[in-house]
**Student:** 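Here you go, one structure.
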Amino acid sequence: MIFIASSHLSLAQSPGRAAGSLPTLGDSSELTASAERRLGDRIAVSIYRDPDYLDDPVLGDYVQSIWQPLMAAARSRGELGTELEERFAWDVMLIRNRTVNAFALPGGYLGVHLGLIGVVSSRDELAAVLGHELSHVTQRHISRLITQQNRQTPWVIGAMILGALAASKNPDAASAAIVGGQAVAVQGQLNFSRDMEREADRVGSGVMADAGFDSRGVTGMFEKLQQASRLNDNGSFPYLRSHPLTTERIADAQARLQLAAGSRGPKGGDADSGKALVLHAMMAARARVLGDPGVDALRAMQAQAQRTSPSGQLAPQDAGALYAGALAAGRLRDLGLARSLASRLQSAVVGNPRAANAADLLALELDLQAGSTPAGAAQLDLANASARADVLLKSRALLAVGRAREVSERLQSWVVAHPKDASAWQLLAQAYGRQNEPLRAIRADAESRAAQLDYTAALDRFKGAQNLMRTSRDNSAAANIEGSIIDTRTRELESLLKEQALQDKLDR
Ligand SMILES: [Zn+2]
């Protein structure tokens with residue numbers, strides 16, 4: 001492994017800097033934020049196309065409920081300046097992979113394996129990892145790593161990172177050879193230095209505490225990693241390979257914990273944290289099932305849920321068992337059992353609004369999976385839904401019962417506020433299709449491709465829409481407006497592609 005000489009970095013003196021300014025570090029040859037973003041976009045396109053990339057709105061909302069407070073804390077501490085915030089993507093991508101890992105990519109893209117969400121026992125532990133990764137980004141560690149590779153073009157660095165990601169996906173060490181033999185060496189070169197890790201630990205724990213999370217999340221996470229390394233379980237803990245657990249890291253974390261004791265604690269009282277643990281257990285259960293654990297594991301989850309009969313105060317592990325069992329039964333096509341487990345969960349979480357909402361969405365999802373009319377479809381209030389998982393799942397449910405107009409009305413305003421939401425555009429395309437509005441359907445489909453940076457596919461669709469306009473004899477005002485939007489977007493995409501091709505030439 002190649003470690004970057006620490007004398008170049010002078011991280012220890014990294015002083016409090018004015019908010020809004022970029023970090024000034026020892027190494028002056030730093031990649032600009034825009035250049036780093038371009039590199040990140042190039043990597044992100046490949047990840048969006050990867051079948052293991054998962055846009056699960058339920059887990060996505062949960063991760064965002066941890067991520068957003070961390071971002072806000074980094075902002076108010078001056079770690080995250082205005083320029084970086086505007087230039088970077090800040091997209092936390094979920095990866096369908098059972099191993100425990102999280103990583104920061106160039107340009108503000110982050111990856112979280114479902115295996116990590118499935119193994120942490122509280123939102124504080126997840127916040128510890130995310131705060132650490134966020135700090136790698138805000139401290140511009142990635143930019144400095146890339147600058148170190150100054151003999152490589154951005155194009156090659158992008159390919160190296162993708163190669164390292166592909167290699168880390170398969171815990172089997174032999175897989176590295178499949179990716180061309182270079183992957184292991186590459187990963188070594190792209191690893192952060194010890195100083196960077198120390199800084200990410202320090203800044204990350206500050207961000208996490210300011211965001212209102214319990215600092216014990218860090219030590220809890222370390223204990224898990226320690227256990228895994230004792231069991232020599234590196235295969236399922238790739239995070240350990242990129243983040244070796246040194247006695248120094250553990251000692252530092254414990255020292256910080258002692259400092260924090262008494263001065264800061266989690267927001268809310270015990271009742272609140274009990275409720276948060278129930279929701280967390282449900283989300284961890286979801287991550288374990290969506291991680292494709294195999295039929296035997298699904299059956300075991302189903303059986304465990306059947307043995308679970310919560311009484312009195314709901315224990316998090318019981319909520320998790322019921323959630324996992326219901327979802328697993330759904331996967332095993334035992335929809336009767338799935339529904340009955342979900343409804344037991346629904347009655348068990350009464351009085352815990354966020355967990356109750358998650359249980360309701362689970363029931364809705366299972367109905368949709370059964371292809372049956374969702375039980376409560378008549379009462380579904382899409383117009384007032386505001387959380388992304390609510391909006392997207394309720395849209396799917398209403399599409400299934402033929403209420404496409406309500407769906408397009410809600411999603412139209414949703415995509416105005418969230419133009420990068422590819423899944424929402426995709427659902428909107430379906431809703432227009434059902435209402436026999438082919439032009440709008442094609443445009444929404446095109447936008448969903450553009451949202452995932454696939455400009456070629458987007459342009460194809462916009463051109464298809466232009467052809468359709470020419471052949472249709474619709475001269476209504478509405479069709480003309482639609483036509484001019486399509487023309488404008490076609491030109492925008494064309495110039496984006498031209499720019500990209502030019503940049504690619506420079507970066508090669
Ligand atoms: Zn790190």
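The basis for the numbers below is simple: all heavy atoms, side chains too, and nothing from hydrogens, waters or symmetry mates. Both counts, for ligands and for their atoms, begin at 1 and track the order of listing.
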**Student:** Phe88: which residues meet the ring pair (Phe, Tyr, Trp, His ring centres under 6.0 Å) condition with it, sequence neighbours left out?
**Tutor:** Trp90
**Student:** Do the charged groups of Asp61 and Arg354 touch, with an N to O distance under 4.0 Å?
**Tutor:** no
**Student:** How about His280 and Glu125: do any of their side-chain heavy atoms sit closer than 4.5 Å?
**Tutor:** no
**Student:** Can you see which heavy atom on Val100 is nearest to which on Gly115, and at what distance?
**Tutor:** CG2-O, 3.8 Å
**Student:** Measure across Ala285 and Gly320 and return the closest heavy-atom pair with its distance rounded to 0.1 Å.
**Tutor:** CB-O, 3.3 Å
**Student:** Going by the angle between their ring planes, with limits at 30° and 60°, are His136 and Phe192 parallel, tilted or perpendicular?
**Tutor:** parallel
**Student:** For the Zn ion (ligand 1), which protein N/O/S atoms fall under 2.8 Å? Skip waters.
**Tutor:** His132 NE2, His136 NE2, Glu197 OE1, Glu197 OE2, His243 NE2
